[in-house]
2 protein chains.
Amino acid sequence: MKSTATALQIAEDSAETGAQQIRDAIRDAIVERRLSPGTKLSESDVGNLFNVSRTLARAALQALSYEGLVSVEKNRGAFVAYPSPEEARQIFAARRLVEPGILREAAAKITPSQIQHLKQLLLEEGRLMGERGQTARRAEIKASGDFHLTLAGISGNAIMQRFMDELVARSSLVIALYGQSTISSCGHSEHGDIVAAIERNDLDEACRLMLHHIAHIEADLDLREHKSVGLKEAFEL
Amino acid sequence: MKSTATALQIAEDSAETGAQQIRDAIRDAIVERRLSPGTKLSESDVGNLFNVSRTLARAALQALSYEGLVSVEKNRGAFVAYPSPEEARQIFAARRLVEPGILREAAAKITPSQIQHLKQLLLEEGRLMGERGQTARRAEIKASGDFHLTLAGISGNAIMQRFMDELVARSSLVIALYGQSTISSCGHSEHGDIVAAIERNDLDEACRLMLHHIAHIEADLDLREHKSVGLKEAFEL
DNA sequence: TTCGGCTAAATTGTATACGATATTCTGCAC
DNA sequence: GTGCAGAATATCGTATACAATTTAGCCGAA
């Protein structure tokens with residue numbers, strides 16, 4: 001037995017296996033849209049890129065497929081996920097379903113310092129919206145998602161937090177594919193409104209705003225079948 | 001390009017890689033409680049058991065760890081998950097959070113034949129409750145979960161369905177660990193009540209019953225810290 | 001006897017190797 | 001020039017091999 005083992009071993013030794021790092025790196029690249037949907041992720045290429053063997057590359061890609069960020073096709077390889085309009089609808093349906101509940105749990109437990117932290121995020125988000133350049137845009141995308149993720153974190157439910165991780169990441173893919181307005185994270189002010197509602201303990205209003213916010217994002221999508229895949233397919237029907 | 005590729009490729013070629021089969025087999029064993037929480041799952045042993053190499057065994061165990069059914073500890077190996085009381089609470093909190101929403105979506109889309117299918121499940125469940133023996137008990141456990149899973153399937157949201165898969169499977173682990181009453185799936189009649197409420201289109205009542213049902217399962221748990229781990233740890237504090 | 005460290009066995013982490021499947025290219029017939 | 005058959009290439013699926021870490025057993029000293 002480990003001599004240092006106490007009753008509550010919270011996070012134990014992190015840093016896990018090297019595959020985790022590769023997974024995180026690729027995930028970041030996908031979420032920040034440096035990798036476009038449909039991009040092929042060959043095991044050899046990934047391995048070479050990170051200077052590891054195909055074994056680790058494969059493990060990382062498998063992990064990402066469990067999160068729905070890459071789709072692996074048997075004997076064909078892994079690709080950055082290309083969510084169908086139907087998948088996109090389901091992702092947002094799931095968010096509408098769970099986010100109000102998460103919000104309620106979070107609001108019930110939130111501490112003043114956590115509210116401060118949320119406001120800090122909002123400030124950062126606003127700052128990024130003003131800046132120019134690719135890197136700022138990428139940071140903005142991530143910050144926009146971080147708001148929802150932080151809320152999930154405050155709720156204290158690790159399972160819901162993991163689920164939200166997945167939903168937010170996949171949402172980023174959907175927006176990259178079907179988003180219309182150039183402004184990626186349209187509803188920055190909406191985040192602020194939600195925090196304000198939480199702060200004055202108006203939960204019903206906060207939930208209403210959250211649903212409105214999600215609907216707002218979804219309204220910016222053009223979910224008609226196959227944006228530009230057709231030509232031939234258009235005549236096959 | 002695949003000549004047979006149509007606009008909507010629903011399930012594509014299944015049967016995937018062999019690791020999937022092993023994963024499913026082990027998952028079934030865990031959910032049906034043939035494998036107890038904490039049991040060590042060595043890669044070699046798993047590989048030998050299924051007559052495959054460690055590579056596939058490892059892949060299967062990794063997959064199961066993403067579902068929260070096994071926990072892999074670095075350089076130490078994989079074990080059937082041993083959810084802490086806190087984790088157990090979070091699992092059921094998550095179910096309380098999502099199941100009413102799933103129920104509402106399912107009820108909105110349900111067809112008469114699907115209602116019939118649900119009733120069929122209930123009948124089967126009832127039949128198993130009457131029988132004796134280990135195998136019947138295991139089938140009963142699975143049937144109890146299948147009710148919730150079928151509901152998620154009817155909702156038509158694949159993402160929520162996968163999430164419920166995970167939650168139900170982990171619930172089985174929690175009940176195995178902390179359940180008190182010998183009757184595993186206590187609330188069989190509650191399932192019937194829910195279906196009845198759906199049938200007469202009383203959604204509010206159906207949700208109420210669902211929440212009651214989940215609370216009922218949770219009430220049967222003894223979630224005090226560390227049932228029988230202590231002796232030494234008890235004195236270290 | 002008990003505690004400590006040391007060695008040996010077992011197990012995991014990672015890389016490489018080989019066979020199977022899919023994709024691409026070439027060449028020939030029409 | 002077009003279309004199809006077959007080989008060559010690339011990529012994935014799985015097994016095996018080796019290195020690193022942990023676990024256990026053992027022996028000696030206090």
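Residue numbers begin at 1 in each chain, while the letters A, B, ... track the order of the sequences.
- Checked by atom type, the side-chain pair A:Q90/A:E86 shows a donor-acceptor distance below 3.5 Å.
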Report the C-alpha separation of B:H148 and B:H213 in whole Å, then their side-chain angles, then the decisive distance to 0.1 Å, and conclude whether the side-chain contact (heavy atoms from CB on, under 4.5 Å) test is met.
-> CA-CA 11 Å; B:H148 296 262; B:H213 174 50; 3.2 Å; yes
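- Looking at A:R27 and A:D24, a side-chain N of the basic residue comes within less than 4.0 Å of a carboxylate O on the acidic one, giving a salt bridge.
- In this structure, A:D220 contributes its side chain and A:G179 its backbone to no donor-acceptor pair below 3.5 Å.
- In the region residues 54-71 of chain B, proximity to DNA chain C at under 4.0 angstrom, judged on heavy atoms, holds for B:R54, B:R58.
- Remark: A:V52, A:S53 in residues 46-53 of chain A come within less than 4.0 Å of DNA chain C through at least one heavy atom.
- Of the candidates D:dG13, C:dT12, D:dT23, the closest approach to any side-chain atom of B:R76 belongs to D:dT23.
- Position along DNA chain C of the nearest nucleotide to B:G77 versus A:N75 favours B:G77 as the more 5'-ward residue.
- Between B:K142 and B:D28 there is a salt bridge, since at least one side-chain N of the basic residue sits less than 4.0 Å from a carboxylate O of the acidic one.
- Put simply, the side chain of B:S144 never gets that close to the backbone of B:E140: no donor and acceptor are under 3.5 Å apart.
- Going from atom CZ of A:F79 over to atom P of D:dC12 covers 8 Å, rounded to whole Å.
- Regarding B:I22, its CD1 atom lies at a distance of 12 Å from the C1' atom of D:dG13, rounded to whole Å.
- Straight-line distance from the CD atom of A:Q20 to the C1' atom of C:dG13: 12 Å, rounded to whole Å.
- Salt bridge B:R96/B:E218: present, at least one basic N to carboxylate O contact under 4.0 Å.
- Looking only at side-chain heavy atoms (C-beta outward), B:L41 and B:L64 stay at 4.5 Å or farther from each other.
- One can place NZ of B:K74 at 8 Å from P of C:dG13, the figure rounded to the nearest angstrom.
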